[in-house]
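Reading through the structure tokens given below for one structure.
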Amino acid sequence: MGSVWVRAQGDVLVRADAIVALALGPEGLRAECGAGAAVRLTGTPCSTALMLGLAEVIDRASPRDSRAVIITPPAEPGSATWRWEFADTLVERC
């Protein structure tokens, strides 16, 4: 079965199932992981809609086949639409 990853600041990938809490702060959206690590997902302050959008897209992208999914923050400032695609399509672009 595949897995779902979230791309954080600095191109760090975090497994979605390792995220135990999301927190909004002046530095942006932060994910707190089960191992005690905290990772910044966005580099600027953001809205609650962005945090809820991430939870929704993680649920929608949950692995239903053998491919891994990578979720990326919105490209446009102010957008709450997270993007996701299968990891094998990313590899094909290289």
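Distance CZ/Arg83 to CD1/Ile71: 11.5 Å, rounded to 0.5 Å. In this structure, Asp17 CG and Ile58 CD1 are separated by 9.5 Å, a value rounded to the nearest 0.5 Å.
Under the rule for a side-chain hydrogen bond (donor to acceptor under 3.5 Å, both in side chains), the partners of Glu32 that lie at least two apart in sequence or sit in another chain are Arg30. Under the rule for a side-chain hydrogen bond (donor to acceptor under 3.5 Å, both in side chains), the partners of Trp5 that lie at least two apart in sequence or sit in another chain are Ser3.
Residues Val6 and Ala16 share a closest heavy-atom pair of CG2-CB, 4.3 Å. Taking each heavy atom of Val14 and Ala8 in turn, the nearest pair found is CG2-CB, 4.4 Å.
Annotation: salt bridge (Lys or Arg N to Asp or Glu O under 4.0 Å) contacts involving residues 44-54, sequence neighbours excluded, are absent. Listed by first then second residue, pairs satisfying side chain to side chain donor-acceptor pair (under 3.5 Å) with a partner in residues 69-78 number zero, not counting sequence neighbours.
In terms of modelled atom types and a separation under 3.5 Å, the side chain of Arg7 and the main chain of Pro73 share no donor-acceptor contact. Without hydrogens or angle criteria, Ser79 side chain to Pro74 main chain gives no donor-acceptor distance under 3.5 Å.
Side-chain heavy atoms closer than 4.5 Å link hydrophobic residues (I, L, V, M, F, W, Y) into clusters, and following such links, possibly through other members, connects Leu22 to Val12.
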Residues 43-57, side-chain donor-acceptor partners within the protein, below 3.5 Å, at least two apart:
from, atom 1, to, atom 2, distance (Å)
Ser47, OG, Ala49, N, 3.3
Ser47, OG, Leu50, N, 3.4

